[in-house]
Amino acid sequence: MTAPPLIVSNHSDEALNAEIAFWATSANFAVKNAARAELPALCADANARAVIFELKNHDEEALDFLAKLSAGTKAKVIAVTALDQKTVSSIRRLFEAKALNIFVLERADFNTRLLADLTRPAGNGAGLDRDTLSRAIADGHVIAHYQPKVPFQPGIERYGVEALCRIQHPERGMLYPDSFIPLAEAHGLLHDLTDAVTVHAFRSLAQWDLQGLQLRLALNIAPSLLNDMTWYEKFQARCQEFQIDPGRITVEVTESSSHGGKALALEILSRLRLKGFLLSIDDFGTGFSSLETLYKLPFGELKIDKGFVFDIQKSTEARALIESTVALAKKLGLKVCAEGVESEAVFEALRELKCDDAQGYYVSKPLPAERVVPFLEEWRSKCRAQKQNPASKFANLHALLGALLTTDDEEDDHTVVLSSPAASAPGKETGTTAAAALPALVMSGNMLKALEQVQRAIAACTQAEVAGLRPKLEDLRTEIECGLAGGATAELISPDGTIKILGGNSFIIGRQASNAKADIAIPCRWLSRGEKNLRLFWRDERWLLEDLGSTNGHFLGAQRLLPGQPVALNPGKTRLDVGRMPDGSAPAWLSFELDAGGAVAISFGIAGNPSESDQAVWIVFQGEVALGRSPDSASFLAAGTADGVADILLRDGNLWIAPRAGHSVALSGARFSQRVPLVLDTTLEVGGVSWQVGALTALTLEAAPVAASA
Ligand code: C2E
Ligand code: CA
Ligand code: CA
C-alpha cells in the first residue's frame, strides 16, 4: 500500500489545524503537526504536498529558513499569517525579488478549498510559479473562453455566457484555471488576472453587440477580491471605460466559509446590486452557509453545483436537493442555473424540475469569443424548430395535462374531470370547472383558445385550489405561451399601413447581404451592406446612433457620423441624411422620432420620390412600448385607438401584448385581460382597431427615380 500524501503544519492556530485535519480526512491526506526543527526532514519526503508555516512579525530568521525549506522540497510552501495586508504585500515582494515560490496568505483568506486546489496535481500547468504567472498576465496571455447559459424552455430567447479564464501560454500551450487561479490567489495576482479577464470579456461583449446578439455576461469573482475596495473600484472604472450596462452583467461569487459574513464583502455586494448588477451564488450546495448566505446577501441567481447535477439520475439525494433548492429559490425570487449539464437526459430532468438556465457540455463547452454568436444563432434556430415540432409540442403538453388530471394527494378533491365547458354550472366557476375544458381545447390544437381558458381557470381558482391546482395550470400556461411566442419582431398590418415592431437593444440598419443581415432591412443602394451600415443601440439609458463605416455616410446636417463616435438621440425628431451631394442635398434620409416612453419610430425616404411619405415604418424599443394614444406614447401607434389601451412588451426575447387595466385584447377571437405573446399569423383586436400580425419583412421600395450609387 502506498503512503497517503502528506500535509505538514507548523502553525499555532488550533482552529486552522482543526480545519486542515477535518478536510484532510475526507480528502485522504495525512496531516502532521510538527516543530520547526522537524520540517526539513518531513518535507524532503516525496509524499509531502504542502507545508503550512506560521509567519510572525520581525522574524528575519524565518525568511531564511523558508528559503532553505522551499529549495529542499517539492511540496508547496504556504505561509499563513495574521499580519496586516500591507505587510503581506511587502513580504510577497521580498519573496518575489528573491525568486522564492512561497505562498503568503492572510489568515482570513486561508480555506481548505484553496488548500485542496494547491495540492492537486496540475496538468500542463504543473510547475507554474509566481514569476511565470505574473509574466503571462503582464504579456497579455490571459484570455477568456465563453460558456453559453441558455434557458431550458425552448420558447425563451434570453441567452448569456460565462467568461472562463484561460492562459494562452507561448510555450506551455493552453492553461486552465484549476492550474493557476489558486496560485494567483495565493501569490496576490488575482486582481490583475481578474482585470485581464474583465477587459477581454467587455471587448467581446461589444463585438457580439455589433454582430446583433445582445448577450448577458457573467464574470467569476473570487471572494478574496471582496476583502477591500481595490477590485470594486477597478471594476467600476472598467465598466465606465467600456460603457457597460450593469443590467447585463452577472457577478458570480462562490460562497466560502471564511468570507460569508464579512461586513465589507456584504457592502460591496450590496453596492453592486444597487447599481443593477445581478449577483449569482456559484457552486451552490458545496459551501458551509448556503441558507444563511441566501438570506443575508442580495443574490438574484443561484447556480447549482455540477456535483449535484452529475448525480441527478443516479442519486435520489441529489435529485431531492435540487428539487428543494429550486423550490426555495423560487420562493426567494431567485433564478436557478444548473451547471455541468452533460446529457440530454439530465437536461430534460432539470427542465422538468423548473430550473431556468442550463450550462454544460450538453449545450456547449466554453468557446472562443468568435464562435459564440454562430453557436447561439444555431441553438436558437434549433429551439425554434423544436418549438414548431408537433411531436415535442405534444409530448410536453400531454405530460402537463396528465398532471392536471391526476392528483398526488388523497385529500385533494380538485382532480379535473373531463367535461365540455357547457357542463359546468354557470356562475359558480372554479379553477377545476374551468380547467375541465382544457384537454379538449389542447387536443384540438386550438392553442389560443386553450390559453384563454387557462387564464380563466387560473383567475377562477378558489382558496382551496391555490396550492394544488393553480401551479399545474400555471405550468400549462407557460408551456402554451412558449409554444405561441414568436420572437422579438413582428409586423402589425392594417389597411392604413404596416408597422414593423422590433424589441431589443441593438439594431443594424441597412441593406441585407447573405452574410450580413440587417435588423432593419432597406433595399436602397444608397445604404451599405448590413454590418457596414448604421447601428442604433441602447446604452446608459439612451439611444445612440453610430455609423459603422458606410460608403456614402450618414449626415446630421453637415456633420458626418463616424465609426466609434456614436451620437445620442434627443427626444423628438432627428433626421439623418444618407449620402451628401456637393450641393448639400441628399439622395435619401432616415428619420428617428424618440418618444417620452423611450420608443423610437423610424422612417425612411428617397429624395424626390413623392410616394415616400414621412410615415413611420419601424418602431424599436427595449422594454415596452405603449399601444394607444397617451401623452407618452408615440403617435404612430395611436392612430385610431383609444387612450393607452395596451402595451407591447419585450420579455425573454419575445414580444408580448399586455392590456391595461379595464381593457382586453383579442387574438383571432380569443380574448385576454392579461398579457399574452404577440402570436404571429393572427388577427389582433385592441381598442377598436384590428391588425394582422405577421413576421417581420424587409421594406419594399417603390422604384426610385434616383440613380444608384457606385
Ligand atoms: P466554475 O465557475 O464552476 O465554472 C465551471 C467550470 O466547469 C468550468 O471549468 C467549465 O469549463 C466546467 N464545465 C462546464 N460545463 C461542464 C460540464 O458539463 N461538465 C464538466 N465536467 N465540466 C463543465 P474551468 O473553465 O476549468 O473553470 C474552473 C473554475 O475556475 C471555475 O469554476 C471558476 O471557479 C474558476 N474560474 C474560471 N475563470 C475565472 C476567473 O476569471 N476568475 C476567477 N476568480 N475564477 C475563475
Ligand atoms: Ca462560475
Ligand atoms: Ca460553478
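Just follow the structure's listing: the first ligand is 1, and inside any ligand the first atom is 1.
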Between [atom1] on residue [X] and [atom2] on residue [Y], distance to nearest 0.5 Å:
X      : Y      : atom1 : atom2 : value
Ile181 : Leu193 : CD1   : CG    : 5.0 Å
Ile78  : Thr81  : CD1   : OG1   : 14.0 Å
Cys239 : Asp540 : SG    : CG    : 10.5 Å
Thr316 : Leu321 : OG1   : CG    : 11.5 Å

Discussion item. So that I can tick it off, tell me whether Glu342 and Lys306 are bridged by a salt bridge, with the cut-off set at under 4.0 angstrom between side-chain N and carboxylate O.
Written reply: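 A salt bridge is absent here (no side-chain N lies under 4.0 Å from a carboxylate O).
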
Discussion item. Measuring only between side-chain heavy atoms, which start at C-beta, is Leu115 closer than 4.5 Å to Trp23?
Written reply: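 Touching, per the 4.5 Å side-chain cut-off.
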
Worksheet item: Closer than 3.0 Å to the Ca ion (ligand 3), which protein N, O or S atoms?
Response: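 Sorted hits: Asp282 OD1, Asp283 OD1, Glu339 OE1, Glu339 OE2.
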
Discussion item. Need the atom name: nearest N/O/S atom of Glu162 to the Ca ion (ligand 2).
Written reply: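 Of all N, O or S atoms belonging to Glu162, OE2 is the one nearest the Ca ion (ligand 2).
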
Worksheet item: Parallel, tilted or perpendicular: which describes the rings of Phe235 and Phe202, with under 30° parallel and over 60° perpendicular?
Response: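 The rings of Phe235 and Phe202 sit tilted, inter-plane angle from 30° to 60°.
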
List, pair by pair, the atoms of ligand 1 and of the protein that are both N or O and lie under 3.5 Å apart, giving the separation rounded to 0.1 Å.
{"residue": "ligand 1", "atom": "2 (O)", "partner": "Glu162", "partner atom": "OE2", "Å": "3.2"}
{"residue": "ligand 1", "atom": "2 (O)", "partner": "Asn220", "partner atom": "OD1", "Å": "3.2"}
{"residue": "ligand 1", "atom": "2 (O)", "partner": "Asp282", "partner atom": "OD2", "Å": "3.0"}
{"residue": "ligand 1", "atom": "3 (O)", "partner": "Asp283", "partner atom": "OD1", "Å": "3.4"}
{"residue": "ligand 1", "atom": "7 (O)", "partner": "Lys306", "partner atom": "NZ", "Å": "3.0"}
{"residue": "ligand 1", "atom": "15 (N)", "partner": "Gln147", "partner atom": "NE2", "Å": "3.0"}
{"residue": "ligand 1", "atom": "18 (O)", "partner": "Tyr361", "partner atom": "N", "Å": "2.8"}
{"residue": "ligand 1", "atom": "19 (N)", "partner": "Glu342", "partner atom": "OE2", "Å": "2.5"}
{"residue": "ligand 1", "atom": "21 (N)", "partner": "Glu342", "partner atom": "OE2", "Å": "3.0"}
{"residue": "ligand 1", "atom": "22 (N)", "partner": "Tyr361", "partner atom": "OH", "Å": "3.2"}
{"residue": "ligand 1", "atom": "25 (O)", "partner": "Arg166", "partner atom": "NH1", "Å": "2.8"}
{"residue": "ligand 1", "atom": "25 (O)", "partner": "Arg166", "partner atom": "NH2", "Å": "3.0"}
{"residue": "ligand 1", "atom": "38 (N)", "partner": "Cys165", "partner atom": "N", "Å": "3.0"}
{"residue": "ligand 1", "atom": "42 (N)", "partner": "Asn220", "partner atom": "O", "Å": "3.3"}

Fill in: Val80 backbone acceptor or donor facing His11 side chain under 3.5 Å
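It does hold such a pair.
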
Practice prompt. Would you please indicate if the ring centroids of Tyr146 and Trp208 are separated by under 6.0 Å?
Written response: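 Yes, the ring centres sit under 6.0 Å apart.
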
Item to complete: Specify whether an N/O/S atom of Asn220 falls short of 3.0 Å from the Ca ion (ligand 2).
Response: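 It does: Asn220 brings an N, O or S atom closer than 3.0 Å to the Ca ion (ligand 2).
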
Worksheet item: If you draw the axis of the six-membered ring of Phe537, does the NZ or CZ of Arg539 fall within 45° of it and under 6.0 Å from the ring centre?
Response: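 Not flagged: Arg539 not positioned over aromatic ring of Phe537.
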
